[in-house]
Amino acid sequence: MHKKLISRMVIALAVAGLMTFSSLAAAHAHLQSSIPAAKAQVTTSTDALTLNFSEDIEAAFSGVTLLDSEQKPVATAKARVESGQKNRLIVGLSQPLRAGSYQVNWHVLSVDGHKTAGSYRFSVK
């Protein structure tokens, strides 16, 4: 009987630990969508990159680097959060993108203090 009680307590603690861990993992700002989208082949250059996250982010501690097909940086404006939508990061482009492949490297700090980063590719025809 005593072993059964201990087993139930261990299982309950394990479940509580997993639930706590899963809620912490859900608290990070994850990239939900972008313009241009990941793996997109666009016919014309956009004037900005727009990244939408699962939660609000701190613009001062977030950023984007755009690389061309030769892994050389492409000139961009400083990343900013759209007013009214603190989960949207916008990076203006200094000039239209030429035909080719591009890689977007991003990093953000969510308002609750969690850092996340990632990358995706798109191309301009």
Side-chain angles (χ1 to χ4, degrees):
M1 175 98 166
H2 187 59
K3 286 183 180 181
K4 208 177 218 186
L5 179 61
I6 292 174
S7 294
R8 287 183 181 166
M9 288 177 62
V10 168
I11 290 171
L13 286 172
V15 169
L18 286 173
M19 289 176 67
T20 301
F21 178 73
S22 65
S23 68
L24 289 175
H28 292 69
H30 298 284
L31 182 63
Q32 291 186 318
S33 64
S34 60
I35 300 172
K39 300 180 184 176
Q41 292 184 345
V42 297
T43 55
T44 58
S45 175
T46 181
D47 59 347
L49 302 175
T50 304
L51 288 74
N52 297 299
F53 293 91
S54 59
E55 64 182 77
D56 291 353
I57 56 173
E58 296 284 353
F61 302 101
S62 303
V64 173
T65 303
L66 181 62
L67 303 175
D68 65 16
S69 59
E70 297 174 357
Q71 297 296 297
K72 293 181 181 173
V74 175
T76 62
K78 184 176 180 181
R80 63 181 173 83
V81 173
E82 185 172 58
S83 60
Q85 287 193 296
K86 304 282 187 206
N87 68 329
R88 180 172 290 169
L89 191 65
I90 299 173
V91 181
L93 299 176
S94 302
Q95 55 187 321
L97 299 175
R98 292 183 278 173
S101 176
Y102 294 89
Q103 179 174 325
V104 177
N105 297 325
W106 58 268
H107 66 278
V108 296
L109 176 69
S110 61
V111 292
D112 63 5
H114 292 106
K115 296 178 185 178
T116 53
S119 66
Y120 68 91
R121 294 181 172 276
F122 72 92
S123 61
V124 178
K125 290 186 178 184

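Quick caveat: nothing in here was measured; it's all calculated off a predicted structure.
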Pairing residues for Ser101 by the side-chain contact (heavy atoms from CB on, under 4.5 Å) criterion, not counting sequence neighbours: Ser69, Arg121
Check whether more than 12 heavy atoms from other residues, nucleotides or ligands sit under 6.0 Å from atom CD of Gln95, and answer yes or no. no
Using links of under 4.5 Å between side-chain heavy atoms of ILVMFWY residues, direct or through other members, which residues join Leu109 in one cluster? Phe61
Keeping the roles fixed (side chain from Thr116, backbone from Ala29), state whether a donor-acceptor pair exists under 3.5 Å. yes
Common cluster, Leu67/Val42, ILVMFWY with side-chain heavy-atom separation under 4.5 Å: no
Hits for side-chain contact (heavy atoms from CB on, under 4.5 Å) against Leu93, two or more places apart or cross-chain, chain-then-number order -> Ser45, Thr46, Leu49, Leu66, Thr76, Leu97
Sequence neighbours excluded, which residues qualify as ring pair (Phe, Tyr, Trp, His ring centres under 6.0 Å) partners of Phe122? Tyr102
Distance-minimising heavy-atom pair for Ala79 and Ser62: CB-O, 4.2 Å
With Ser119, which residues qualify under side-chain contact (heavy atoms from CB on, under 4.5 Å), at least two apart? Gln103, Asn105
Is it the case that the side chain of Asn87 and the backbone of Phe53 share a donor-acceptor pair, with hydrogens and angles ignored and the cut-off at 3.5 Å? yes
Can you tell me how far the OG1 atom of Thr44 sits from the NZ atom of Lys125, to the nearest 0.5 Å? 11.5 Å
Residue that, paired with Thr50, satisfies side chain to side chain contact (heavy atoms under 4.5 Å, CB included) out of Leu89, Val91, Ile90: Ile90
If we only count heavy atoms from C-beta on, is the Arg98 to Val124 side-chain gap below 4.5 Å? no
Scan for salt bridge (Lys or Arg N to Asp or Glu O under 4.0 Å) pairs involving residues 75-85, sequence neighbours excluded, and state none if there are none. Glu82-Arg88
Can you name the nearest heavy-atom pair linking Ala48 to Gly92, along with the distance? CB-CA, 4.0 Å
Within the structure provided, determine whether Glu55 and Asp112 are in side-chain contact (heavy-atom separation under 4.5 Å). yes
